[in-house]
Amino acid sequence: MIAIDNPPSVRLDRLRDFVVGMAQLIERENTEASFLRDGGKLLQELVAQDDWLPLEYTLASAERYRQYLLYADVHQRFSVVSFVWGPGQATPVHDHTVWGLIGQLRGQEVSQPYVLNDRRIPVPHGESITMLAGQVCAVSPTIGDLHSVRNASPDATSISIHVYGANIGAVQRNAYSDNGERKTFVSGYSNTSLPNLWGLG
């Protein structure tokens with residue numbers, strides 16, 4: 001990992017403690033339900049404080065949202081990502097294919113769940129969810145894996161922290177158009193370097 005020169009006020013040790021907690025949870029448990037339940041509690045503790053994410057992983061782009069890798073488990077069991085949304089930016093309807101947790105760190109985001117109808121066209125399923133700072137929600141093929149997300153603010157950046165049960169940037173996933181066309185994609189990441197979790201705090 002590449003060390004990043006952060007000011008002392010950046011509490012990167014909070015991210016390090018979260019990563020250690022998730023690794024211990026995955027070593028101890030082997031069910032998705034426990035990952036979502038107990039991992040959700042760990043993530044909620046992390047996003048309850050907004051003093052730990054390095055500046056390099058908070059930068060928005062005018063073109064599209066950014067997906068910064070913060071940590072990838074060496075055994076590919078989980079990854080931690082910051083999603084940074086410029087004003088009004090949104091995703092298409094998409095899936096994840098693995099379990100995931102989303103914690104709102106800054107701003108507000110709106111998640112709209114979808115299901116595929118009998119013609120394989122995505123249709124809204126239930127009410128949209130507005131995520132406020134400090135809140136956590138979950139996705140997975142078991143509990144519902146299809147949604148679209150948008151920044152709720154027309155004039156401010158929003159940031160959410162995502163935890164997935166794989167190295168999500170290398171996972172083959174699907175995006176869906178309004179007419180049911182499915183496009184397979186691998187998202188990759190917006191960054192090529194990672195914070196040095198073990199050298200700070």
Side-chain angles (χ1 to χ4, degrees), residues 6 9-12 14-15 17-19 22 35-71 78-96 98-115 122-140 143-165 168-169 173 175-176 178 185 187-191 195:
N6 291 293
S9 59
V10 175
R11 291 287 307 275
L12 199 59
R14 297 192 197 277
L15 176 58
D17 291 345
F18 171 76
V19 165
M22 282 299 303
F35 301 153
L36 297 183
R37 181 189 65 245
D38 298 334
K41 293 176 183 176
L42 293 173
L43 182 57
Q44 194 161 40
E45 292 176 3
L46 180 65
V47 298
Q49 305 289 335
D50 188 5
D51 61 357
W52 56 267
L53 185 62
L55 177 63
E56 293 89 337
Y57 308 101
T58 68
L59 302 178
S61 166
E63 287 75 35
R64 66 189 303 272
Y65 65 88
R66 285 184 169 178
Q67 177 175 314
Y68 295 103
L69 178 63
L70 301 178
Y71 181 82
F78 72 101
S79 56
V80 185
V81 181
S82 68
F83 272 72
V84 182
W85 310 80
Q89 290 178 345
T91 70
V93 179
H94 64 280
D95 62 22
H96 310 85
V98 297
W99 63 263
L101 293 162
I102 302 147
Q104 195 68 34
L105 182 68
R106 195 175 302 171
Q108 299 180 23
E109 296 169 19
V110 177
S111 173
Q112 174 61 61
Y114 282 81
V115 294
V123 293
H125 180 66
E127 298 294 324
S128 62
I129 302 166
T130 299
M131 295 282 292
L132 306 178
Q135 293 183 330
V136 172
C137 69
V139 294
S140 84
I143 66 172
D145 194 37
L146 205 62
H147 71 171
S148 65
V149 183
R150 63 178 175 85
N151 185 352
S153 174
D155 56 10
T157 297
S158 290
I159 300 175
S160 52
I161 306 302
H162 298 221
V163 185
Y164 294 105
I168 195 65
R173 302 190 280 147
Y176 300 82
D178 292 341
F185 72 98
S187 67
Y189 297 109
S190 301
N191 59 314

**Report entry** V163 side chain near W99 side chain, heavy-atom distance below 4.5 Å
**Finding:** yes

Query raised in the report: Any side-chain heavy-atom pair from Y176 and D95 closer than 4.5 angstrom?
Result: yes

Report summary line: dist R11:CZ -> D50:CG (nearest 0.5 Å) comes out at 13.0 Å

Query raised in the report: How about H96 and H147: are their ring centres within less than 6.0 Å of each other?
Result: yes

Requested in this report: Check step by step if side-chain contact (heavy atoms from CB on, under 4.5 Å) holds for Q49 and R14.
Outcome: CA-CA 9 Å; Q49 305 289 335; R14 297 192 197 277; 3.8 Å; yes

Report summary line: Value for CD (E109) from CD (Q135), rounded to nearest 0.5 Å, stands at 11.5 Å

Requested in this report: Nearest 0.5 Å please: distance from the CZ atom of R37 over to the CG atom of L42.
Outcome: 11.0 Å

Query raised in the report: Applying the ring pair (Phe, Tyr, Trp, His ring centres under 6.0 Å) test to Y71, which of Y57, F78, F18 qualifies?
Result: F78

Report summary line: In terms of heavy-atom contacts, S148 and T91 come closest through CA-OG1, 3.6 Å

Query raised in the report: Where do A60 and T157 come nearest, in terms of heavy atoms and distance?
Result: CB-OG1, 3.9 Å

Query raised in the report: Can you name the nearest heavy-atom pair linking S187 to G169, along with the distance?
Result: OG-CA, 3.5 Å

Query raised in the report: For the side chain of Q89 and the backbone of Y65, is there at least one donor-acceptor N/O pair under 3.5 Å apart?
Result: yes

Query - Y189 side chain to V81 backbone, donor-acceptor under 3.5 Å - result: no

Query raised in the report: Can you check whether M131 reaches S160 side chain to side chain, under 4.5 Å on heavy atoms?
Result: no

Query raised in the report: Taking the side chain from W52 and the backbone from L46, do they hold a donor-acceptor pair closer than 3.5 Å?
Result: yes

Report task. Supply the atom-to-atom distance Y164 OH to S140 OG, rounded to the nearest 0.5 angstrom. Result -> 12.0 Å

**Report entry** 4.5 Å side-chain heavy-atom contact, Q67 and I168
**Finding:** yes

Report summary line: For S128 and P113, the nearest pair of non-hydrogen atoms, with its separation, is CA-CD, 4.3 Å

Requested in this report: Applying side-chain contact (heavy atoms from CB on, under 4.5 Å), run through L15 and L53 and close with a yes or a no.
Outcome: CA-CA 8 Å; L15 176 58; L53 185 62; 5.6 Å; no

Query - CA sep, side-chain torsions, deciding dist, call: V115, V123, side-chain contact (heavy atoms from CB on, under 4.5 Å) - result: CA-CA 6 Å; V115 294; V123 293; 3.8 Å; yes

Query raised in the report: With side chains defined as the heavy atoms from C-beta onward, is the minimum distance between L70 and V19 less than 4.5 Å?
Result: no

**Report entry** CG-CG distance between D38 and L43, expressed to the nearest 0.5 angstrom
**Finding:** 12.5 Å

Query raised in the report: Got more than 12 heavy atoms from elsewhere within 6.0 Å of CG, D178?
Result: no

**Report entry** side chain to side chain contact (heavy atoms under 4.5 Å, CB included) partner of V110, chosen from N151, T130, V149
**Finding:** T130

Query raised in the report: Less than 4.5 Å apart, any side-chain heavy atom of T58 and any of R106?
Result: yes

Query raised in the report: Closest heavy-atom contact between L69 and N191?
Result: N-OD1, 2.8 Å

Query raised in the report: Does a side-chain heavy-atom distance below 4.5 Å link I143 with L36?
Result: yes

Requested in this report: For residues Q104 and S158, determine if any side-chain heavy atom of one lies less than 4.5 Å from a side-chain heavy atom of the other.
Outcome: yes

Report summary line: Correct closest heavy-atom pair for Y114 and P124 would be CD2-N, 3.5 Å

